[in-house]
Amino acid sequence: MVAASHRLCTQRPSLLIPKHRFQQVSPNPDQPFVPFSQLQQRKLLESRLVSLLHDCNDITQIKRVHGHIVRKGVDQCCFVLAKLVRTLTKVGAPMDSYPRLVFEQVKQPNPFLWTALIRGYSLQGPFTESVILYNCMRRDGISPVSFTFSALLKACTAAVDVDLGRQIHAQTITIGGFASDLYVGNTMIDMYVKCGFLDCGHRVFDEMPERDVISWTSLIVAYAKNGDMDSAAGLFEGLPVKDMVAWTAMVTGFAQNARPREALEFFENMQDGGIQTDEVTLVGVISACAQLGATKYANWVRDVAEKSGFGPTNNVMIGSALIDMYSKCGSVEDAYKVFDRMTERNVFSYSSMIVGFAMHGRANAAIQLFEEMLKTDVKPNRVTFVGVLTACSHVGMVEHGRHLFATMEKSYGVAPSADHYACMVDLLGRAGCLEEALELIRTMSMDPHGGVWGALLGACRIHANPDIAEIAANHLFELEPNGIGNYILLSNIYASAGMWDDVSRVRMLMRKKGLKKNPGCSWVEGKKRVIHEFFAGDMTHPKSKEIKQALEDLVTRLELHGYQPNLSCVPYDVNDEEKKRILMAHSEKLALAFGLLSSSAGCTIRIVKNLRICEDCHSVMCGASRITGREIVVRDNMRFHHFHDGMCSCGNFW
DNA sequence: ATAGGGTTAG
């Protein structure tokens, strides 16, 4: 019985119908007309019903077909009903209601109908229901099919339950041959890696008798998510046939691991190879551009997106990614244009825009947009609050921030996380309330992370408070033993307070740990989307001579306007001449000089820096914007600085 | 049936 229905169900009769019909109508006088057998007619009917179900997109359509099934008297046909259950699952009908009822009305469900139900629960949960059903199925003596195991493994993945997954893995081996099934193997890899057992996933991969591009891609993604792009690239290299999804996994992997240049490199190779691009690829590429801050490149990517048919008006994800990209490329206006054009907005779109305003010091715009958002159906999330609180912090709106923080859980259902505490510490700290900030940390119900203590340490630098700085730093040294920035910040705080013994103590500590200062690096976009990169003291650029000369000329002019090099920005114990030399070689100054040389008057100069901009460079940028009449936008690792006519948007407070 | 997706923080 089981075997018979099995044979019935594995056929895809829809492809056979035209052929049968053709044979019937072809005139052949030698062959008498043979009517369809009852079985043939029934198969024809079933395949028609299945294809009807295939086109159903909502529950009313499905109900209509169901009525048809009942009227035609095939309401016990498991093949058709399995399709019905799968379709119901697809449109999101709750498993316990309609799909369950369909299943329970059948006297002898076949493996496919069982599996359709198991699969439904593995998508919607409760995931234990999938396992219960599997056990019932075995108890009734029904043999599972490979699809059954895929569905069960998917439930394990969704429930992040590797123990159950291992049991099912064992079953696929004992029950007979299922472990060598390609689909089962692929789902198994996915289960192991999503549960965090990459090595197990790799072993399954190694043991599979047959693999396809999906097996490889699952592993590539797993390595990428683990931060191991080199292994991912090694696998990708060995992948015989690379499809769009595999390429996209590489592009996205590099983007997510802060290696935007390689992400773009892969994207370009992908295009050269004639591989199609879809919205998922573009999201990765846009995110890479955002990290690079490369405006011309960004505009090109936007063109590519719109030519491929994806723009802010028809795709929320692309739109939100573009908002982020334009904000990070220094143009909050362009970001807002995108936001404005979007026909559909979700929490990502709003949060990205709010964060964008905050980054650019447009706190009022951020808060206003937040209030606008509250009038819509879109609910704020953790990120939204990080954005608004950051905005308050940058303009010193202490009271507003306090109020938001106090009410966010009650009014909006977002419980403050350590990140939000970090924002509050930043807000209070910048406003000079260092003790209150420290007290707030002490009241936290969760463990404060590096961000919280880091915000306090940063505030101590602004307000020159070495005592509290020491408390914050000690926590940071424990939490982030290799975070070089913390040591430098603390030593700078001691240095400005003239506590030289403590300065050398911190330096000793750094030396003992073998920590070296990250090299400062800035980049600026030249002509033709080429990105020019400068390290501190870097003389490797082909135009180094001109750059050095241009910088000297600029500084000479600035000195006439009262500029004096801020020697305290050099935390080394060297003479003043040497300090001046070091200051003149800061990467952001090199980038500025190159930008002035290589762009025409009236062009905004956009510079991106990997570290926080130093005070001396900040004042040079201010001065340069005045005497050259240029707009200068610097993105450092924290925020944006818009220099215009001698002033900066950060209000010299960063 | 099975693979790829956007935002935050010192």
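These figures come from a predicted structure and were not determined experimentally. First the proteins, then the strands, lettered A, B, ... as listed; each starts at 1.
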Task: Minimum heavy-atom distance between A/V251 and A/G284, given as atom pair plus value - done: CG1-C, 4.2 Å
Open item on the list: Without decimals, in angstroms, what is the distance between A/M373 CE and B/dT8 P?
Closed with: 15 Å
TODO: Go through B/dA9, B/dG5, B/dG4 for me and flag the one nearest to the A/V283 side chain.
DONE: B/dG5
TODO: Using a 4.0 Å heavy-atom cut-off across all strands, classify A/S150 as base, sugar-phosphate, or nothing.
DONE: base
Open item on the list: Quick check: do A/D636 and A/L611 have side-chain heavy atoms less than 4.5 Å from each other?
Closed with: no
TODO: Give a yes/no answer on whether the side chain of A/R119 brings an N or O atom under 4.0 Å of OP1 or OP2 in B/dT2.
DONE: yes
Task: A/S146 side chain, from C-beta outward: closest of B/dG4, B/dT2, B/dA1 - done: B/dA1
Open item on the list: Categorize A/S215 for me: base, sugar-phosphate, or nothing, with a 4.0 angstrom heavy-atom threshold over every strand shown.
Closed with: nothing
TODO: Could you verify whether a donor N or O on one side chain and an acceptor N or O on the other, from A/S327 and A/D324, lie under 3.5 Å apart?
DONE: no
- [ ] Have a look at A/I189 and say if it touches a base, only the backbone sugar-phosphate, or nothing, with a 4.0 Å heavy-atom cut-off.
- [x] nothing
TODO: Could you state the atom-to-atom distance from CD of A/Q256 to C1' of B/dT7 in whole Å?
DONE: 13 Å
TODO: Tell me what A/S351 touches on the nucleic acid: a base, only sugar-phosphate, or nothing, going by heavy atoms under 4.0 Å.
DONE: base
Open item on the list: Just the rounded figure in Å: distance from C1' of B/dG6 to CD of A/Q291.
Closed with: 12 Å
Task: Ring centres under 6.0 angstrom apart (A/F205, A/W216) - done: yes
- [ ] Whole angstrom is fine here: how far is it from CG in A/N482 over to P in B/dG10?
- [x] 21 Å
Task: Side-chain-base donor-acceptor pair under 3.5 Å for A/E480 and B/dG10 - done: yes
Task: Minimal non-hydrogen separation, A/I220 against A/A232, with atom names - done: O-CB, 3.8 Å
- [ ] May I have the distance from A/D636 (atom CG) to B/dG10 (atom P), rounded to whole angstrom?
- [x] 10 Å
Task: Listed nucleotide nearest any side-chain atom of A/F147, set B/dA3, B/dA1, B/dG4 - done: B/dA1
Task: Candidate nucleotides B/dG6, B/dT2, B/dA1, ranked by approach to the side chain of A/F348 - the nearest - done: B/dG6
Open item on the list: Under 4.0 Å, counting only non-hydrogen atoms across every strand here, what does A/T384 touch: a base, just sugar-phosphate, or nothing?
Closed with: nothing
Open item on the list: Within the 4.0 Å heavy-atom criterion, would you say A/G454 contacts the bases, only the backbone, or no part of the nucleic acid?
Closed with: base
Open item on the list: Using a heavy-atom cut-off of 4.0 Å across all strands, would you classify A/V221 as base, sugar-phosphate, or nothing?
Closed with: sugar-phosphate
Open item on the list: Regarding A/G356, tell me which of base, sugar-phosphate or nothing describes its non-hydrogen contacts under 4.0 Å with the strands shown.
Closed with: nothing
- [ ] Tell me whether the centres of the aromatic rings in A/F149 and A/Y183 are closer together than 6.0 Å.
- [x] no
Task: Proximity to the side chain of A/D419 - top-ranked nucleotide from B/dA9, B/dT2, B/dG4 - done: B/dA9
Open item on the list: Just the rounded figure in Å: distance from C1' of B/dG4 to CG of A/L219.
Closed with: 14 Å
Open item on the list: Quick check for you: among B/dG5, B/dG10, B/dT2, whose closest atom lies nearest to any side-chain atom of A/E279?
Closed with: B/dG5
Open item on the list: Under 4.0 Å, counting only non-hydrogen atoms across every strand here, what does A/V316 touch: a base, just sugar-phosphate, or nothing?
Closed with: base
Open item on the list: For the CG atom of A/L113 and the CD1 atom of A/I118, what is their distance to the nearest 0.5 Å?
Closed with: 10.0 Å
Task: Touch class at under 4.0 angstrom, heavy-atom based, for A/K90 against every strand present - done: nothing
Open item on the list: Taking the minimum atom-to-atom distance to the side chain of A/K225, which one of B/dA9, B/dA1, B/dG4 wins?
Closed with: B/dG4
Open item on the list: Let's see if you can work this out: which of B/dG4, B/dG6, B/dT2 has an atom nearest to the side-chain heavy atoms of A/N186?
Closed with: B/dT2
- [ ] Using a 4.0 Å heavy-atom cut-off across all strands, classify A/R86 as base, sugar-phosphate, or nothing.
- [x] nothing
- [ ] Could you please name the option among B/dG6, B/dG10, B/dT7 that lies closest to any side-chain atom of A/L476?
- [x] B/dG10
Task: Given B/dT7, B/dG4, B/dG10, the nucleotide with the shortest approach to the side chain of A/N381 - done: B/dT7
- [ ] Please check if any side-chain donor atom of A/T157 sits under 3.5 Å from a side-chain acceptor atom of A/D190, or the reverse.
- [x] no
Open item on the list: Regarding A/D190, tell me which of base, sugar-phosphate or nothing describes its non-hydrogen contacts under 4.0 Å with the strands shown.
Closed with: sugar-phosphate
Task: Nucleotide B/dA1, atom P - distance to CG of A/D212 in whole Å - done: 15 Å
Open item on the list: What's A/T217 touching, base or sugar-phosphate or nothing? Going by heavy atoms closer than 4.0 Å.
Closed with: base
Open item on the list: If the cut-off is 4.0 Å, is A/K154 near the phosphate of B/dA3, judged by side-chain N/O to OP1 or OP2?
Closed with: yes
Open item on the list: Using whole Å, what does the distance between atom C1' of nucleotide B/dA9 and atom CD1 of A/I441 come to?
Closed with: 14 Å
